[in-house]
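Chain letters run A, B, ... following the sequence lines, proteins first and then strands; every chain starts at 1. In this text, all values refer to a predicted model and were calculated from it rather than measured experimentally.
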Amino acid sequence: MNELLSQLNDQQRAAVEYIDGPMVVFAGAGTGKTRVITYRIAYLLNLGVNPYNILAVTFTNKAAQEMKDRLVKLFHQKAENVWVSTFHSLCAKILYTEAKNFGLKKNFVIYDENDSIKLIKECMKEVSIQPTNFSVYDIYELICRAKDNLIDPESYKINAVVSHQYHREIIAEIYSRYQKKLVQNNAFDFNDLIMKTVELFKNEKFVEIKNKYAQRFKYIHVDEYQDVNYSQVVLLKILSSIHHNVCVVGDDDQTIYSWRGSNVNYLLNFKKDFSTKDVEVKEFKITQNYRSKKTILDVSNMLINHNKYRVEKNLFSNIEGEFKNDIKIKQCEHEYDEAEFVAKEILKLQQTEKFCNSAVAVLYRTNAQSRVFEEVFSEYKIPYKIVGSVAFYDRKEIKDIIAYLRVLVNPEDSVSLKRIINIPSRGIGETTILYLETLAKENKTSLWEQIVKIDNTELSLKVKNSVWKFLSLYDLLKKYKDTMYPSEFIKFLIEKINYIEMIEENNRFENKTERMSNIEQLVDIAKNFEVQNNISTIEEFLNSISLFTTADTEEKIEFKNQNQKLKEVVLMTLHSAKGLEFDVVFIVGLVEGVLPIWWVTGTDVGYKNFNIPYDEKNMFYELNYVNIEEERRLCYVGITRTKKLLYLTYYLKRRLWGEEKHCLPSRFLEEILDGYKESSATHTDIISDVQEVEKIDYLTTGEFVVHDKFGVGKVVDIVREPPYDKIVVLFQNGQRKKLSFQHAKLKKLKGYNINQ
DNA sequence: CGGCACTCAGTTTTT
DNA sequence: CTGAGTGCCG
Ligand SMILES: Nc1ncnc2c1ncn2[C@@H]1O[C@H](COP(=O)(O)OP(=O)(O)OP(=O)(O)O)[C@@H](O)[C@H]1O
């Protein structure tokens with residue numbers, strides 16, 4: 001026990017030892033917030049608390065697994081029984097376990113974004129008035145945000161009506177239909193998991209079930225509390241309604257998911273929200289950063305200090321460093337040069353004694369950026385691991401197999417049924433399905449019912465024959481479904497549906513092996529689940545796999561005949577890097593338009609959706625609201641992942657849609673460089689062995705520019721036309737031109753600035 | 001019904 | 001430029 005506490009500083013220990021009553025640890029990056037949660041749980045276990053009574057909520061499944069592993073090491077095997085999971089997994093498990101009590105069918109499926117979008121498309125076809133200016137994805141987002149805020153279709157409609165928002169009424173109609181369809185399909189989407197759980201817990205009828213959980217969770221912990229949304233807070237309140245023992249940790253500077261409905265105010269208002277009549281929330285702060293060198297912490301501060309809406313923290317680090325060794329800024333000509341620079345630096349580092357075994361990460365704003373790095377790393381034979389990117393489960397083969405499994409578990413799942421009914425081709429095409437769907441609607445039954453009752457239809461014998469064949473295959477598979485482990489069953493399934501033959505026919509010449517290997521990987525994943533998570537049924541496997549996505553999945557690329565086994569470089573988005581740490585970090589693509597992303601360049605805070613007419617923008621703030629500060633935080637999160645060595649790189653040109661585009665260095669770089677000027681460090685400290693950063697200021701209206709051809713002109717307007725801003729310039733010769741600043745024919749005239 | 005060719009939209013981040 | 005999605009034709 002003492003050994004446990006000795007691994008903490010005074011501030012951390014105080015938080016760990018405070019175990020009666022709600023508490024919040026509000027502290028900056030790298031101060032050991034996650035460590036506090038982990039050690040607090042270990043501490044509780046040591047005090048003899050039953051692991052069964054402890055809950056810990058993490059942001060990703062991977063983080064959950066890591067915390068579990070850590071707990072087992074700190075305590076012992078019994079720690080396995082601590083419930084550590086994400087909000088989504090937690091709810092999925094509750095719904096699954098309590099299905100019967102809640103009056104739900106246990107064989108529900110969890111729809112991912114793609115499934116949901118298919119369903120929404122169907123709904124949109126059904127409504128007479130089309131919501132112009134909205135993509136299916138926009139609607140999906142709107143529905144997600146509604147669910148994050150526990151707004152059901154009825155309330156959504158009422159809100160729309162009373163606020164005279166006609167467009168929202170259409171959305172409400174689609175939302176309502178979508179929700180009905182989900183029920184018909186016996187499916188939940190991601191946000192339903194939480195919304196439904198809350199809904200059921202709130203229902204008087206189920207008060208006993210609610211109390212069972214509230215009674216059980218004597219100690220609740222939540223990591224990354226700055227990124228929770230309303231529904232999660234409500235759930236937390238319910239779960240803590242008996243013991244009021246909630247311990248949350250968070251850092252307002254690391255809020256990077258507000259686009260997903262999270263709100264930092266829940267962290268800032270935790271005290272108000274969770275204090276009770278008897279106990280007030282106890283607040284803790286930690287000020288020592290254990291992760292990063294002083295220098296890196298300094299740089300992170302230079303950046304984040306530019307955010308207006310934040311709570312000042314006085315972080316310090318005791319790890320000495322030297323600017324010129326620890327932070328490198330590099331300008332590259334082209335995106336490809338940047339990747340090459342990174343590759344060469346990594347190879348160089350691996351030659352050094354200091355960094356040969358280091359954890360190295362390349363962090364970027366968008367998944368698309370990984371591509372260049374993948375190419376170049378392959379060329380340089382640098383092994384890498386890519387987190388996220390094209391989700392494994394987005395691959396055709398995987399989707400097919402999963403869809404088969406889903407239909408076997410839950411034939412009412414029409415999205416999956418429609419996917420697989422003709423894979424491989426068995427002569428049941430679109431027209432047949434359309435016919436059966438109409439029939440289903442008329443008879444108020446499901447597609448599946450109609451398929452089963454195919455005899456009573458007027459379809460041709462040929463089609464009927466195909467359906468009969470399909471049904472007998474279905475019966476066969478169903479018969480064996482529960483006799484094997486998921487991994488075995490997948491193999492069995494593939495064989496029975498002749499899937500391999502289909503792949504061979506469809507891909508006679510190319511990527512056959514890749515497709516085969518995907519299937520093999522799925523079998524491996526299933527096996528892993530069986531061993532690691534103690535999963536033995538298809539149902540459990542499906543539930544886990546639906547929630548185990550992007551940030552949890554990684555793809556490893558190794559290279560043979562490697563003289564020594566190099567540690568693989570990790571490639572991922574800044575979002576996925578949350579909570580992690582690396583010795584060496586490359587933040588790449590630091591250009592305006594990428595980081596910060598293009599639609600926030602120009603307005604600091606504003607609305608992004610260009611399709612929606614101006615006067616409607618305010619109405620859909622949840623879709624359009626953007627904020628430069630969140631981009632800055634993203635960059636900040638990247639920097640603070642770094643322990644020892646940080647590279648910030650950018651380029652002047654990149655290829656976009658087959659065209660070369662000019663880029664400007666990110667304002668974040670400039671902010672950091674400005675910070676340098678003010679600090680004791682000199683300019684040359686930071687960019688010792690790299691090129692001088694080209695200083696380019698940002699144009700605002702009223703400023704003057706000079707153009708190669710048109711001469712001097714005044715900027716009269718800035719037009720935000722994706723993907724780049726354009727400026728409207730009134731030249732001295734009277735010509736008015738709309739120009740892209742990207743085309744370097746334009747230079748700013750400094751002395752001319754008459755604005756202020 | 002299925003396969004091929006053409007169009008066009010698109011790069012934000014994820015449970 | 002790519003990939004998904006649609007439409008047309010055999
Ligand atoms: N008291 C301590 N002694 C030694 N190392 C510590 C101590 N506290 C934290 N650390 C180390 O500091 C690093 C950061 O800890 P942790 O990930 O828990 O911080 P965090 O506050 O959750 O970070 P972030 O919010 O940036 O993700 C870890 O490597 C951890 O092991």
Side-chain angles (χ1 to χ4, degrees), chain A residues 57-64 85-92 110-114 116-118 121 135-137 140-141 144 147-148 188-195 224 227-229 231-232 255-262 363-371 387-391 393-394 396 422-434 460 462-463 466 505-506 544-553 572-578 589 593-601 608 611 626-627 630-631 633-635 637-638 654-661 722-724:
Chain A
V57 179
T58 57
F59 203 71
T60 61
N61 293 299
K62 200 167 139 218
S85 78
T86 63
F87 275 114
H88 294 269
S89 300
L90 170 76
C91 290
I110 300 165
Y111 272 6
D112 67 11
E113 190 181 306
N114 290 311
S116 296
I117 282 186
K118 276 193 187 148
K121 264 188 196 155
S135 68
V136 188
Y137 186 76
Y140 172 73
E141 286 271 279
C144 285
K147 289 184 178 182
D148 285 339
F188 293 117
D189 67 17
F190 285 141
N191 294 305
D192 269 349
L193 294 171
I194 297 169
M195 189 168 81
E224 311 279 13
D227 274 322
V228 294
N229 64 37
S231 66
Q232 294 164 339
T255 317
I256 53 175
Y257 281 90
S258 54
W259 49 273
R260 218 174 72 182
S262 71
L363 308 180
Y364 37 77
R365 175 67 233 259
T366 68
N367 281 311
Q369 289 170 265
S370 72
R371 210 161 138 171
V387 178
S389 96
V390 182
Y393 306 98
D394 272 353
K396 276 197 202 72
N422 210 25
I423 287 181
S425 308
R426 46 170 77 89
I428 310 173
E430 211 167 323
T431 27
T432 309
I433 295 296
L434 219 62
S460 72
K462 192 175 147 236
V463 173
S466 306
E505 265 170 46
N506 291 353
S544 315
I545 215 168
S546 330
L547 296 168
F548 205 87
T549 42
T550 42
D552 306 312
T553 52
M572 65 178 134
T573 62
L574 288 157
H575 282 93
S576 308
K578 174 169 170 154
V594 176
L595 184 63
I597 201 85
W598 52 269
W599 55 76
V600 296
T601 60
K608 75 162 183 218
N611 294 323
V626 291
N627 188 339
E630 184 142 318
E631 295 291 310
R633 286 194 291 269
L634 208 43
C635 189
V637 166
R654 73 171 161 144
R655 248 190 131 65
L656 192 68
W657 300 327
E659 232 184 314
E660 297 267 305
K661 293 274 183 193
Y724 288 110

Testing B/dT14, B/dT15, C/dT2 for proximity to the side chain of A/Ser576, the answer is B/dT14

In whole angstroms, the gap separating P of B/dT15 from CG of A/Asn191 amounts to 12 Å

Counting the atoms with a prime plus P, OP1 and OP2 as sugar-phosphate, which does A/Phe87 contact under 4.0 Å by heavy atoms, base, sugar-phosphate, or nothing? nothing

Hydrogens and angles aside, do A/Thr366 and A/Gln369 bring a side-chain donor and acceptor to less than 3.5 Å of each other? yes

Should A/Lys147 and A/Asp189 count as an ion pair when the cut-off is N to O under 4.0 Å? yes

Is there a donor N/O on one and an acceptor N/O on the other, under 3.5 Å, for the side chain of A/Tyr140 and the base of B/dT14? no

Between atom CD1 in A/Ile256 and atom C1' in B/dT12, what is the gap in whole Å? 12 Å

Any donor-acceptor pair, under 3.5 Å, between the side chain of A/Arg260 and the base of B/dT13, if you only look at N and O atoms? no

What is the separation between atom CD1 on A/Ile194 and atom P on B/dT15, rounded to the nearest whole Å? 12 Å

Can you measure A/Lys147 atom NZ to B/dT15 atom P for me and round it to whole angstrom units? 18 Å

Over how many whole Å does the gap from A/Leu363 atom CG to B/dT13 atom P extend? 14 Å

Length of the NZ-P vector between A/Lys118 and C/dA4, whole Å: 12 Å

I'd like to check A/Leu90 versus A/Ile194 (side-chain heavy atoms, cut-off strictly below 4.5 Å). Are they in contact? no

State which of B/dT12, B/dT13, C/dT2 makes the closest approach to the side chain of A/Thr573. B/dT13

Can you figure out which of B/dG2, B/dT15, B/dT12 approaches the side chain of A/Asn422 most closely? B/dG2

Looking only at B/dT12, B/dT14, C/dT2, the nucleotide nearest the A/Arg371 side chain is C/dT2

Can you tell me how far P in B/dT13 sits from the matching atom in C/dA4, rounded to whole Å? 15 Å

Would you say the base of B/dT13 stacks on A/Trp259 (centre-to-centre below 5.5 Å, plane angle below 30°)? yes

Distance in angstrom units between A/Lys121 NZ and C/dA4 C1', rounded: 9 Å

Measuring from the side chain of A/Phe190 (C-beta onward, heavy atoms only), which nucleotide among B/dG2, B/dT13, B/dT15 has the closest atom? B/dT15

Among B/dT15, B/dT14, B/dT12, which nucleotide sits nearest the side chain of A/Thr366? B/dT12

When the ring centroid of A/Phe87 is compared with that of A/Phe59, is the distance short of 6.0 Å? no

Given that A/Thr432 and A/Leu634 both sit by DNA chain B, which one's nearest nucleotide is further toward the 5' end? A/Thr432

Check the distance between C/dT6's P and A/Leu434's CG and give it to me in whole angstrom. 14 Å

Counting just side-chain N and O atoms, does A/Asn367 come under 4.0 Å of either OP1 or OP2 of B/dT14? yes

Name the nucleic acid region contacted by A/Glu113, choosing base, sugar-phosphate or nothing; use a 4.0 angstrom heavy-atom cut-off, strictly under. base

Heavy atoms, side chains only, cut-off 4.5 Å: are A/Arg365 and A/Thr573 in contact? no

Pairwise side-chain contact, A/Tyr257 with A/Glu630, heavy-atom cut-off 4.5 Å (strictly under): no

